[in-house]
There are 2 protein chains.
Amino acid sequence: MNAETILKDHLLKIIDLNDEQFSYVFSHFKPMSFKKGQVIIAEGDKVSCEYFVTAGCLKSFYINDDLKMFILQFAMPGWWASDYNALYNDIKATISVDCITDAEVLCISNADREKLCSEIHAVEHFFRWRTNKGYVAAQKRLLLFMNNDAKHRYEELLNTYPQLYNIVSKQLIAAYLGVSRETLSRLYHG
Amino acid sequence: MNAETILKDHLLKIIDLNDEQFSYVFSHFKPMSFKKGQVIIAEGDKVSCEYFVTAGCLKSFYINDDLKMFILQFAMPGWWASDYNALYNDIKATISVDCITDAEVLCISNADREKLCSEIHAVEHFFRWRTNKGYVAAQKRLLLFMNNDAKHRYEELLNTYPQLYNIVSKQLIAAYLGVSRETLSRLYHG
DNA sequence: GAAAGCATGTGACCTGCATCACATTTATAA
DNA sequence: TTATAAATGTGATGCAGGTCACATGCTTTC
């Protein structure tokens, strides 16, 4: 399935757009290809775009002062990624985004998204819906962190993203769970 | 300042509405008063509304199987609160909301919010903006959790909400920070 | 296909924070 | 005001998970 179709399906699941409207919306997205390991947003960058994944897998992550990495999100096809704090507030990136595998994305600038949102009410509705989803998911994850130990978080991850386990290295899984790679290793052996 | 003015200022900071439009929007909100300790949303309730705080202080929280409480948010005047997962997805509440002090709120149903969003583009824009804010804040808090120990989270809280410290009991502060009340006590004494 | 570089497994040890226990101080209600 | 309950402080103890160290296995790449 090509990138355009993936985006179209994604939007039409939530809102109604006729062909002409969708073409207009789509014309604001720029297809881009990346190789495994390539960095899309680096810490300190000016962030002007967000990315809709159509193939492959990205991660968004934060690196602290001790160079320890924390993964906020894995982005598979049909998911969006960026440093939203930087994007919305026009500040430098603190969150980075890079490619876990070769990847294809559709890139849209913040300015173009805002333009489309103000021109087409349905598009604004779509983005409100999408952010609602993200907000609820972030809250759930926060509770998961506060409430559960590493073992429970690990089991939850297996249930929620069984595919991920084969694609992604254990180190990255550990960085997503917020435990050391040693502890993760001990969770599913010993 | 009365409830209507607080809501008006809050909306007009982000969007343009003429007096007639604002009156129409406002007519969908129902003012409600609560006493300290009163429960607004209890676990298991059907959730049909969200609440805009105009006076006092609410908390939204989760209670786990061991009866331990985790606070997601304190809601002061100008903040919104509900169980958004339950509200959007029409499921029973897992998050509760109650009053830390006597409080005044403006209540709007999910149905009415959606109606206003579809009738008035600017209102949809407002709610997209609001959820964006919430999403970014939730992500920041998640990182704070993954990255920092209890002491740092405590110091961060003091910086972010110095007012809260006088209003809210240490137990609740601890439940917000995700540490035991004993540990919190030791952080600022010993 | 050898060499260099990652990813993973596993032991030893340490530490931050939870839990339990109980004293003390501060609210709330009768 | 007094009685009862709730909030807070503080010691003793236990454990989940971090860190360091090193061995083994798996990929790249030249």
Side-chain angles (χ1 to χ4, degrees), chain A residues 34-39 57 59 61-71 74 98-102 141-158 164-190, chain B residues 34-39 56-57 59 61-71 74 98-102 142-158 164-190:
Chain A
F34 294 98
K35 287 281 159 201
K36 177 174 176 174
Q38 260 192 285
V39 175
C57 183
K59 67 175 191 284
F61 59 100
Y62 171 75
I63 307 247
N64 76 1
D65 299 340
D66 305 331
L67 301 183
K68 203 162 138 182
M69 179 183 23
F70 301 91
I71 294 180
F74 296 109
D98 71 11
C99 300
I100 293 178
T101 66
D102 291 358
R141 188 147 174 236
L142 187 62
L143 274 182
L144 195 67
F145 248 89
M146 295 206 278
N147 191 10
N148 297 109
D149 62 15
K151 180 140 206 159
H152 284 124
R153 298 204 299 276
Y154 166 69
E155 281 155 7
E156 175 72 18
L157 178 73
L158 286 189
L164 250 169
Y165 213 70
N166 308 311
I167 302 172
V168 173
S169 75
K170 312 284 155 118
Q171 289 200 86
L172 295 185
I173 301 277
Y176 179 86
L177 292 176
V179 294
S180 68
R181 55 167 206 81
E182 294 93 332
T183 296
L184 177 63
S185 172
R186 284 185 250 265
L187 285 180
Y188 55 87
H189 293 93
Chain B
F34 293 97
K35 287 281 160 201
K36 176 174 178 174
Q38 259 192 286
V39 175
C57 184
K59 67 175 191 283
F61 60 100
Y62 171 76
I63 306 246
N64 76 2
D65 299 341
D66 304 333
L67 302 183
K68 204 162 138 181
M69 179 182 27
F70 300 92
I71 293 180
F74 295 109
D98 71 10
C99 300
I100 293 178
T101 64
D102 290 359
L142 187 63
L143 274 182
L144 195 66
F145 249 90
M146 296 207 278
N147 192 10
N148 297 109
D149 62 13
K151 180 139 204 160
H152 285 124
R153 298 205 299 277
Y154 166 69
E155 281 156 7
E156 176 72 20
L157 178 73
L158 286 189
L164 252 171
Y165 212 70
N166 308 311
I167 302 173
V168 173
S169 75
K170 312 286 155 114
Q171 288 200 87
L172 295 185
I173 300 277
Y176 180 88
L177 292 175
V179 293
S180 67
R181 54 167 206 81
E182 293 94 331
T183 296
L184 178 62
S185 171
R186 284 185 250 266
L187 285 180
Y188 55 86
H189 292 94

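Because only heavy atoms are used, hydrogens play no part in the values below, and waters and symmetry mates are left out as well, while side chains stay in. A, B, ... follow the sequence lines: proteins, then strands. Residue 1 opens every chain.
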Write down the distance between [atom1] ([X]) and [atom2] ([N]), rounded to a whole number of angstrom.
X	N	atom1	atom2	answer
Arg153(A)	dG18(D)	CZ	C1'	13 Å
Asp66(A)	dC20(D)	CG	C1'	15 Å
Asn148(B)	dG18(D)	CG	P	14 Å
Lys170(A)	dG25(D)	NZ	C1'	13 Å
Tyr154(A)	dG17(D)	OH	C1'	16 Å
Lys35(A)	dT28(D)	NZ	P	13 Å
Leu184(B)	dT8(D)	CG	P	9 Å
Leu187(B)	dT8(D)	CG	C1'	14 Å

Quick one: does [X]'s side chain get under 4.5 Å of [Y]'s, heavy atoms only?
X	Y	value
Asn148(B)	Glu156(B)	no
Met146(B)	Tyr62(A)	no
Val168(A)	Lys59(A)	no
Phe145(B)	Arg141(A)	no

Arg181(B) or Ser169(A), whichever maps to the more 5' nucleotide of DNA chain C: Ser169(A)
Contact nearer the 5' end of DNA chain C, comparing Lys36(B) with Lys68(B): Lys68(B)
Any idea which of [options] is nearest the [X] side chain?
X	options	answer
Tyr188(B)	dT8(D), dG9(C), dT28(D)	dT8(D)
Ser185(B)	dG18(D), dT10(D), dC17(C)	dT10(D)
Val179(A)	dG18(D), dC17(C), dT8(D)	dG18(D)

Position toward the 5' end of DNA chain D (nearest nucleotide), Asp149(A) or Thr183(B): Thr183(B)
Touch class at under 4.0 angstrom, heavy-atom based, for Gly37(A) against every strand present: nothing
Donor-acceptor pair (no angle test) under 3.5 Å: [X] side chain, [N] base:
X	N	value
Gln171(A)	dC6(C)	no
Arg186(B)	dT19(C)	yes
Glu182(A)	dC20(D)	yes

Test log, rule salt bridge (Lys or Arg N to Asp or Glu O under 4.0 Å), inputs Lys35(B) and Asp102(B): CA-CA 4 Å; Lys35(B) 287 281 160 201; Asp102(B) 290 359; 3.7 Å; yes
